[in-house]
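These notes concern the structure reproduced below.
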Amino acid sequence: MSIDTTPQSPQSPQSPSPEEPGTAWWSLPPDDAVAEARSDAARGLADADAAARLADVGPNALVSAPPPNAWRIALGQVGQLMTLMLIAVAIVSLLIGQVSTAIIVAILVLYNVISGTRQELKARRSVDALAKLQTPRARVLRDGSIRLVDATGLVPGDIVDLEAGDLVPADGRILRAANLETQEAALTGESLPIPKGPTANEADTALADRTAMVFQNTSVTRGTARIVVAETGMRTQMGRIASLLTEVDSGKSPLQRELDGLTKVLGLIAWGAVLVIIVIGAVRGQSVEELLFLGTAVAISAIPTGLPVFVQGLLSWGASKLAAERAIVASLNDVETLGATSAICSDKTGTLTMNEMTVRTAWMGGDHFRVTGEGYSFTGQMLGATDEPVEAKTLGLAISLPNDATVSTEGVVVGDPTEAALIVLGAKLGIDADAARRDFPRLAEVPFDSDYKFMATLQRMPVRGETRLVLLVKGAPDVVLGRCTSMLTTDREVEPVDADAATRELEGMSAQGLRTLAFAARFLDDADEGRVAADPMSWVGELTLIGLVGIVDPLRPEAKTAVEVAASAGIEVRMITGDHAVTAGAIGRELGLGRGAVSGAELQGMSDEELTERLPDLHVFGRVTPDDKLRLVRLLQAQGAIVAMTGDAVNDAAAIKQADVGVAMGSGSEVTKQAAKLVLTDDNFATLVHAVELGRIVYAKITAFLRFQMTQLISLILLFLAASAFQIADGVALFPAQVLFLNFFVTLFSVLAIAADAPPPATMSHPPRDPRLGIVNPHAVAEWLGYGLVVFLVSLVPLVWGPDAPSPDEPSASMTMAYVIVGFGTVLSALMMRRSPESGLVAPIAAVAKLLVWPVLIIILSTELGFLQRLLGTVSLTGWQWLECLVLLLFVVVAVEGDKWIRRLRAAERVRMAEQRATTHAPPVA
């Protein structure tokens, strides 16, 4: 089906609007709904009228905004500050004759621009994928005859026929229905098919409870219906979700925002240093050539050319690790965002639960039974009070026969999921449902209908060793109980029904969030067969209650553990679902979520201020709409939380796109996956928690790299400023070639060593970092300045008190010693600063040390090999000069490791005092 990409004017009837339609169609009687739609239930619309309406309201299609221009996006990427700084580096490199460096940086700029452009172009795919969901054809009554038309041609007022297997082509008011059920999980999150009928609902009925309506792109699982089209295109519920998607701007990731801020700081430092040094040189009367040479040297020293490469490389590594764990990220920046996650809003159905209905408990003849096994697997048993397996094939037949679903041994279900759960229970009692239906065929049946809420089948089946004519009934407990006069005991004796006991049991099951069904039977004489077959409905009375069952969509086995891990990591987990609040609350308790459950109706009755105040005490949200989910995510973000939102249905898409980390399940809708930043291909909530851990590891490595990188930059800037201020070598502390050599060879291995370092211990045992603190924070800046100052001071020593006078015109031992100290300082910094405040000189250290051997060799060779001496402006050093360099570097080790040791002592003292206060104020033990 095509999608209209023509921009709509604000006055157009099809303009996206997240508001509810003006008419509460579900509250109107069928005849009034037809009249409101200006239609004719018997003949439908006339062709001319339909054509006029189509011209007025537009096609039944989802409107997609024109895609952004790729060139404009690319220009925006070029205009980013870091890209401009890299371009400046390339130009500077050309000016000093470093052509190869200029080419490398230019390639890096090109890669960054292309990558950023592709990521922004991807943002339009969510609504486009949503448009592809619409059904292509519909059976429409026009001018008194049924015809097939393209769904895009439907208009409000059309009369449409639906049957099992159809996708609903537009939002419609049901006029008549027979045994109609629709699957609305994609829209509302409700896991079970919804019985539908023409009976009107109250005007304030929530979306998930509007049984008089069918909605676009939901599916008909049972029965037939005739509807009048109420809303089409962007005015449907699916269109409202598309509108929400177009309005959501996911914004930049925390890392993007922080690196943008850091880039500005670095730009000010770098170009400020260049300006100061050039001004000092100009005041002293240095020539333009000398100033250009000095300025380029300082610029190359001050601009972190390796920053984008390292961050992109590390994020790429994280993305690869995630992919190996069955988690696919849409953008490299999303890897780091995961590590900042402080709140997870999870859908229930199919995410925390298996989306496989399972009988968990049963009540038969006044006794309780526990059912083992999960999902649609036949493995499991029904156990009595002493945990002895129940063998009751007659009971299994009574449960299995009044069902139409089939379940294969591989767990493949065809039909209603609740019926599938009953088929599985029958299998656990020793009954093959398919074989039983063949052996005991139906002689008559009363199909399930939402009006009377039960199903009945007439069969001949074995009862106490003889074949009896039995009418088997299953349905809503209140309805079935009302038709029962007796009940079976566990000894298969018949006694008067204990309605009070059954009601108490139902209330207990409901309080646990279980869906309940009742089973009953009527034992008939053979002579009654003809009369029952002629009118089975009239015989559904004077029933004998067989029992009650409680059904649940069970938790994924790993979900509870994952929630516990998240809690230990300081991450609040909330469950947001379209299911009933009671059911959701029971699942929340089983998961171990925090206190507080609320329904969508209660949620909508709160102002943003009230909801924000109550959020710390609310962890389960039931019967919510797509708007509610989006609102919750936005309120959490307004409080400073980094929010991950999981889901698998279309109704989750807008909230997933709004979230900092939108997480879709691999089995979910294409729309949700396109809106998401992370797709879990194994549908495993635990994979998300592991992804958060990996994101934290990536962030820790990025902060370690920045600690290392900024220390080097600050030390070099201070070195050039001091050389200019004290007129050492005319301000040229190191030759540009030496700085470039260190940046592109020595630093490379140092960066690899940081990346190869083992993950910090107890990554998931501390709270998430505060994204408001950012990478550039007072503590981090103090570290950078302190460590950089130490490296600067020891590098300055040979320039001031070295064996000869350093000169910008010829190599010298003093400048070579300064070069060696900066180079070895780079290696030592990588080793020590890979961890903070933990020591960098303790195990695990082997992998890092192996990598750092290479830059040490490179530095030594660069001072001894003739061609490198000529290229870099170095000279050979004596043994004493090497020793002096190593002694000076010991000051760096003592300063850095000493600072970290003091910080560890202070942290331990804070913990000790906190524990002491807790002990002092603890209540007395009874």
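Starting from 1, each residue takes its place in the sequence as its number.
By the 6.0 Å contact criterion, CZ on R326 is open, its count of non-hydrogen atoms from other residues, nucleotides or ligands being 12 or less. The number of heavy atoms from other shown groups lying within 6.0 Å of CH2 (W882) is above 12. Atom CD of E613 has 12 or fewer heavy atoms from other residues, nucleotides or ligands within 6.0 Å. Summarising the local packing, CZ of R614 is surrounded by 12 or fewer heavy atoms from other residues, nucleotides or ligands at distances under 6.0 Å.
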Test side chain to side chain donor-acceptor pair (under 3.5 Å) on Y819 and S862; report intermediate values, then the result.
CA-CA 10 Å; Y819 160 78; S862 68; 2.7 Å; yes
Q.
E590 vs K560, test: salt bridge (Lys or Arg N to Asp or Glu O under 4.0 Å). Steps then yes/no.
A. CA-CA 8 Å; E590 191 175 352; K560 186 172 182 178; over 6 Å; no
Evaluate the criterion side chain to side chain contact (heavy atoms under 4.5 Å, CB included) for residue pair I344 and L688; output intermediate values, then yes/no.
CA-CA 10 Å; I344 297 177; L688 170 60; 4.0 Å; yes
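A donor-acceptor pair under 3.5 Å is formed between the side chain of S814 and the backbone N or O of D804. One N or O on the side chain of Q637 and one on the backbone of Q658 form a donor-acceptor pair closer than 3.5 Å. The main-chain N or O of E558 is never found under 3.5 Å from a side-chain atom of T561 such that the two would form a donor-acceptor pair. With hydrogens and angles ignored, the 3.5 Å screen pairs a side-chain donor or acceptor of K677 with a backbone N or O of D660. Not a single donor-acceptor pair under 3.5 Å links the side chain of Q639 to the backbone N or O of L636. No side-chain donor-acceptor contact under 3.5 Å links S568 to the backbone of S765. No donor-acceptor distance shorter than 3.5 angstrom exists from the side chain of T341 to the backbone of A343, with no hydrogens or angles considered.
Counting heavy atoms from C-beta outward, S346 and V663 have side chains that stay 4.5 Å or more apart. At least one side-chain heavy atom of V856 sits under 4.5 Å from a side-chain heavy atom of I860. Contact check for L618 versus L611: side-chain heavy atoms found under the 4.5 Å cut-off. Looking only at side-chain heavy atoms (C-beta outward), V790 and V896 stay at 4.5 Å or farther from each other. Side-chain contact between V893 and L841: present, with at least one pair of heavy atoms (C-beta onward) separated by less than 4.5 Å. No side-chain heavy atom of R574 sits less than 4.5 Å from a side-chain heavy atom of L632. Looking only at side-chain heavy atoms (C-beta outward), M645 and V661 stay at 4.5 Å or farther from each other. Contact annotation: the side chain of V692 approaches that of I571 to within less than 4.5 Å [non-hydrogen atoms, C-beta and beyond].
Here E897 pairs with K900 under the salt bridge (Lys or Arg N to Asp or Glu O under 4.0 Å) rule; sequence neighbours left out.
Under 4.0 Å is where a charged nitrogen must lie from a carboxylate oxygen, and between R696 and E693 no such pair does.
At a cut-off of 3.5 Å, with distance as the only test, a side-chain donor of S836 or R903 sits close to an acceptor on the other residue. In summary, the side chains of S829 and Q712 do present a donor paired with an acceptor at a separation below 3.5 Å, with no hydrogens or angles considered. Side-chain polar atoms of S750 and T826 form no donor-acceptor pair below 3.5 angstrom.
Considering all non-hydrogen atoms of both residues, P806 and M815 come closest at CB-CE, 4.3 Å. The minimum heavy-atom distance linking G570 with P768 is given by the pair O-CD, 3.5 Å. Shown here for A756 and K701, the closest heavy-atom pair between the two residues is C-NZ, 4.3 Å. Contact between G788 and I714 at its shortest, heavy atoms only, is CA-CG2, 4.2 Å.
For residues 733-759, the salt bridge (Lys or Arg N to Asp or Glu O under 4.0 Å) pairs, not counting sequence neighbours, are D757-R834, D757-R835.
Results of the side chain to side chain contact (heavy atoms under 4.5 Å, CB included) test with I821 over V892, V794, V791 single out V794 as the only residue that passes.
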